[in-house]
Protein chains: 2
Amino acid sequence: MRLTTKGRYAVTAMLDLAFHSQIKPVTLTDIAARQTISLSYLEQLFARLRRAGMVKGVRGPGGGYKLCRKASDINISEVIAAVDEPLDSTKCGGEANCQKDKACLTHNLWMGLSEQIRNYLEGISLADLLEKNQVQEIAQRQHHDAQQAIEIYRHPE
Amino acid sequence: MRLTTKGRYAVTAMLDLAFHSQIKPVTLTDIAARQTISLSYLEQLFARLRRAGMVKGVRGPGGGYKLCRKASDINISEVIAAVDEPLDSTKCGGEANCQKDKACLTHNLWMGLSEQIRNYLEGISLADLLEKNQVQEIAQRQHHDAQQAIEIYRHPE
DNA sequence: TAATAGTTGACTATTTTGCTAGGTTAAGTA
DNA sequence: TACTTAACCTAGCAAAATAGTCAACTATTA
């Protein structure tokens with residue numbers, strides 16, 4: 001899992017869509033204006049989101065985009081995965097010649113971290129974000145949980 | 001906090017260094033050969049790591065690089081921070097005109113996530129990684145902890 | 001002094017990112 | 001039917017990031 005501005009753009013746009021599309025479809029032009037993202041770039045992002053089955057386009061006047069599923073059933077992880085290229089799996093793609101090398105330790109760390117981030121983002125839906133504005137507070141609580149996890153990591157049992 | 005291949009290269013190299021520099025300094029040529037990273041790219045990365053006070057170069061025959069601190073006192077977070085550019089702080093850099101806009105929710109999410117990842121990586125030192133090879137097992141345990149954090153997030157109290 | 005190895009800077013190639021410009025197609029509306 | 005709207009599609013482009021090369025220079029050690 002990579003974390004770049006591209007994914008952030010996608011999440012921003014999806015949040016805007018989830019917030020505004022409750023009555024009727026939302027045009028990309030509107031999202032572009034509200035979020036200051038270029039229209040054509042949004043089109044590219046939404047082409048991927050559509051192919052991933054997360055949004056549906058409605059053509060013609062009064063058309064636009066709407067969510068395929070409920071906002072509570074779309075998590076941040078899949079939004080990012082939809083727009084990001086599936087990045088090459090770190091040279092040693094499970095090759096046998098890798099285990100002997102110390103380099104693979106790093107590989108494992110990264111896999112573990114990726115997994116951790118993915119899980120974290122999978123647990124947060126678009127609806128979660130729209131419902132509660134006190135993200136700071138939540139981050140604080142999760143910070144605390146993370147510290148506990150680290151304790152367990154360092155001193156098992 | 002961004003997650004790119006650049007950071008992964010840096011961590012890989014630092015791990016290699018921590019592992020091999022216990023007796024004498026390690027040349028970048030050696031690291032380049034072992035980790036299949038180009039020498040000059042490593043030079044660029046180590047220039048930053050040196051400026052960040054994490055490694056020290058020893059010139060002349062028998063020279064190379066060594067760690068400034070113990071491997072247990074160098075965490076993954078600072079390695080990545082040293083080589084990554086400090087990324088522009090998301091348009092609304094704490095501006096007042098931002099709070100009104102729904103876009104800032106996304107911003108907050110990202111800040112929270114960055115914080116989470118940073119904390120996670122701060123809790124892992126180079127020594128931690130070298131000591132235990134069972135990263136999978138650890139990832140498993142942390143996965144479990146992450147799930148608990150998500151539960152708390154969704155159902156506070 | 002000669003060899004080693006860090007240090008520095010300039011330069012190149014590739015990929016990703018973000019965006020522009022131009023179309024085509026489907027669905028409403030006059 | 002003609003017109004408008006907006007999705008959908010394609011090609012291309014400039015800036016940045018990524019990854020790497022080459023060459024000169026400096027400090028250290030043998």
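Computed from heavy atoms alone, side chains included, the values below leave out hydrogens, waters and symmetry copies. Residue numbering restarts at 1 for every chain, and letters A, B, ... go by the order of the sequence lines.
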> Between Arg118(A) and Glu78(A), is there a salt bridge with N-O shorter than 4.0 Å?
Replying inline: no
> How long is the line joining CZ of Arg48(B) and P of dA17(D), in whole Å?
Replying inline: 10 Å
>> Between C1' on dA27(C) and NZ on Lys56(A), what's the gap in Å once rounded to a whole number?
In response: 12 Å
> What pair of heavy atoms forms the shortest contact from Arg2(B) to Leu3(A), and how long is it?
Replying inline: CG-O, 3.6 Å
> Can you tell me how far P of dA16(D) sits from CZ of Arg2(B), to the nearest Å?
Replying inline: 14 Å
>> So, taking the atom named OG1 in Thr4(A) and the one named OH in Tyr9(A), what distance separates them when rounded to the nearest 0.5 Å?
In response: 10.5 Å
> Which pair of heavy atoms, one from Met54(B) and one from Ala82(B), lies closest together, and at what distance?
Replying inline: SD-CB, 4.1 Å
> Between dT4(C) atom P and Asp30(B) atom CG, what is the distance in whole Å?
Replying inline: 13 Å
> Nearest-Å distance, CG (Leu42(B)) to P (dG6(C))?
Replying inline: 11 Å
>> Classify Leu39(B) by what it touches in the nucleic acid, base, sugar-phosphate, or nothing, heavy-atom distance under 4.0 Å.
In response: nothing
> Is the shortest side-chain N/O distance from Arg59(A) to OP1 or OP2 of dG28(C) below 4.0 Å?
Replying inline: no
>> Students often get this wrong, so: under 4.0 angstrom with heavy atoms, is Tyr65(B) touching a base, only sugar-phosphate, or nothing?
In response: sugar-phosphate
>> How many whole angstroms separate atom CD of Glu43(A) from atom P of dT24(C)?
In response: 16 Å
>> Of the listed nucleotides (dT4(C), dT17(C), dT20(C)), which one gets closest to any side-chain atom of Pro61(B)?
In response: dT4(C)
> 5'-most contact on DNA chain C: Arg51(B) or Tyr41(A), nearest heavy atom basis?
Replying inline: Arg51(B)
> Between Asp16(A) and Ala13(A), is there a donor-acceptor pair closer than 3.5 Å when you use the side chain of the first and the backbone of the second?
Replying inline: no
> Which nucleotide, dA19(D), dG18(C), dG20(D), lies nearest any side-chain atom of Thr5(A)?
Replying inline: dG18(C)
>> Students often get this wrong, so: under 4.0 angstrom with heavy atoms, is Thr27(B) touching a base, only sugar-phosphate, or nothing?
In response: sugar-phosphate
>> Between P on dC19(C) and CG on Leu28(A), what's the gap in Å once rounded to a whole number?
In response: 14 Å
>> Output the rounded distance in Å from CG (Leu49(A)) to P (dA7(D)).
In response: 13 Å
>> Is it the case that the base of dG20(D) and the side chain of Gln44(B) share a donor-acceptor contact (distance under 3.5 Å, atom types as modelled)?
In response: yes
>> Side chain of Arg50(A), heavy atoms from C-beta onward: which of dG18(C), dA19(D), dC9(D) has the nearest atom to it?
In response: dC9(D)
> Counting only side-chain N and O atoms of Ser40(A), is one of them less than 4.0 Å from OP1 or OP2 of dA21(C)?
Replying inline: no
